[in-house]
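A quick write-up on the structure given underneath.
For the numbers below, each heavy atom of this structure counts, side chains included, while hydrogens, waters and symmetry mates do not.
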Amino acid sequence: TIILDSGTTTARIAARIGGLKLRSLTVITNALNIATVLAHLPNVRLIMIGGLLRQVSASLVGPQAEQVLRGLHADRLFLGVDSIDPEIGLMTPDVLEAQLNALMIEVSHEVIAVADASKFRRRSLSVIAGVEKLHKLITDKSASPEVVEALRARGVEVVAPESDAIPD
């Protein structure tokens, strides 16, 4: 069971799921575009958590989404973040999204953030969680070595491929 948060990077993960040889996978998401990509896959059980629509990201947030999520558990969370700073943590511009993302972290066994290097050391309005809540960060080849080292010093495994191609 995985949670796929909203975002362009998590949408790329969703697009790759159809090509995997899976017997079964449960995907929990708050993103309409991700649900659309996965809805037709026979081996994927899709759970939409509902809530208030954030039109800018086509994602669902708010108390209704949180209520549904509290009753669920996931093995892995793939969290798309707008900003990541080793000292401040994971951030997003939307308060309701930050609250939902924090709950996604709580109900997940392993937390994997996905963010390209442009998100490093940016600041945003709402803090989701400190980087100590992360198990892993998957980023791109242009990741700043200083930021990567600072994250590793805080216990985060950082995966930055040599190219930006998504491995098979």
Side-chain angles (χ1 to χ4, degrees), residues 1-20 22-86 88-116 118-120 122-139 151 156-157 159 166:
T1 299
I2 65 171
I3 298 175
L4 286 179
D5 176 37
S6 63
T8 55
T9 310
T10 51
R12 288 185 69 190
I13 294 170
R16 296 299 297 255
I17 289 175
L20 301 175
L22 301 170
R23 282 188 320 175
S24 114
L25 177 69
T26 299
V27 178
I28 303 164
T29 191
N30 65 323
L32 298 178
N33 60 328
I34 289 173
T36 301
V37 167
L38 300 176
H40 71 281
L41 299 177
N43 296 335
V44 174
R45 191 166 104 192
L46 181 62
I47 300 173
M48 290 288 306
I49 59 174
L52 175 69
L53 178 64
R54 278 191 72 224
Q55 291 178 324
V56 67
S57 63
S59 63
L60 302 164
V61 296
Q64 297 86 358
E66 292 173 28
Q67 182 178 3
V68 170
L69 194 56
R70 277 190 187 90
L72 302 173
H73 172 78
D75 298 306
R76 284 187 188 84
L77 162 62
F78 292 92
L79 180 66
V81 296
D82 295 284
S83 313
I84 183 167
D85 184 285
I88 297 172
L90 311 168
M91 293 168 275
T92 181
D94 188 89
V95 174
L96 292 177
E97 184 177 41
Q99 291 172 341
L100 182 63
N101 290 162
L103 185 56
M104 288 176 174
I105 290 170
E106 283 181 40
V107 303
S108 300
H109 180 71
E110 182 181 14
V111 179
I112 303 165
V114 290
D116 64 66
S118 72
K119 312 287 176 73
F120 287 12
R122 286 176 50 185
R123 304 285 168 99
S124 201
L125 175 66
S126 302
V127 176
I128 298 166
V131 294
E132 67 277 356
K133 296 284 187 175
L134 278 182
H135 295 97
K136 187 182 292 185
L137 169 68
I138 300 173
T139 189
L151 290 167
V156 179
E157 178 187 349
V159 177
I166 296 176

[X] and [Y]: which non-hydrogen atoms are nearest, and at how many Å?
X      : Y      : value
His109 : His135 : O-CE1, 3.3 Å
Ser108 : Ile3   : OG-CD1, 3.5 Å
Ala14  : Val37  : O-CG1, 3.7 Å
Ala11  : Asn33  : CB-ND2, 3.7 Å
Ala65  : Gly50  : CB-O, 3.1 Å
Ala115 : Val81  : CB-CG2, 3.8 Å

In Å, rounded to the nearest 0.5 Å, how long is the span from [atom1] of [X] to [atom2] of [Y]?
X      : Y      : atom1 : atom2 : answer
Ile28  : Arg45  : CD1   : CZ    : 9.0 Å
Asp5   : Asn30  : CG    : CG    : 5.0 Å
Glu157 : Leu151 : CD    : CG    : 12.0 Å
Asp75  : Leu77  : CG    : CG    : 11.5 Å
Leu4   : Thr29  : CG    : OG1   : 5.5 Å
Glu66  : Ile49  : CD    : CD1   : 8.5 Å

[X] side chain near [Y] side chain, heavy-atom distance below 4.5 Å:
X      : Y      : result
Leu53  : Leu60  : yes
Val111 : Met104 : no
Leu25  : Leu41  : no

>> Treating Ser59 as the side-chain partner and Ala31 as the backbone partner, does any N or O pair qualify as donor plus acceptor under 3.5 Å?
In response: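 Pair absent, no side-chain N/O of Ser59 close to backbone of Ala31.
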>> Quick test of your reading of the model: are Asp82 and Arg122 salt-bridged, counting only N-O distances below 4.0 Å?
In response: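 Here Asp82 does not pair with Arg122 in a salt bridge, since their nearest N and O are not under 4.0 Å apart.
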> So among Lys119, Met91, Arg123, which one has a side chain to side chain contact (heavy atoms under 4.5 Å, CB included) with Ser83?
Replying inline: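 Answer after filtering Lys119, Met91, Arg123: Met91.
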> So among Ile47, Thr26, Val107, Thr1, which one has a side chain to side chain contact (heavy atoms under 4.5 Å, CB included) with Leu72?
Replying inline: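 One option only clears the test, and that one is Ile47.
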> Side-chain donor-acceptor pair under 3.5 Å between Asp94 and Thr92, yes or no?
Replying inline: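 Result is no, nothing qualifies.
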> Should Met48 and Leu32 be marked as a side chain to side chain contact (heavy atoms under 4.5 Å, CB included) after you check the CA-CA gap, both sets of side-chain angles, and the distance that decides it?
Replying inline: CA-CA 8 Å; Met48 290 288 306; Leu32 298 178; 3.8 Å; yes
>> Walk me through whether Ile34 and Phe78 qualify under side chain to side chain contact (heavy atoms under 4.5 Å, CB included).
In response: CA-CA 12 Å; Ile34 289 173; Phe78 292 92; over 6 Å; no
>> Atom CD of residue position Gln64 - does it have more than 12 heavy atoms of other residues, nucleotides or ligands inside 6.0 Å?
In response: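 Counting neighbours around CD of Gln64, more than 12 heavy atoms of other residues, nucleotides or ligands fall under 6.0 Å, so yes.
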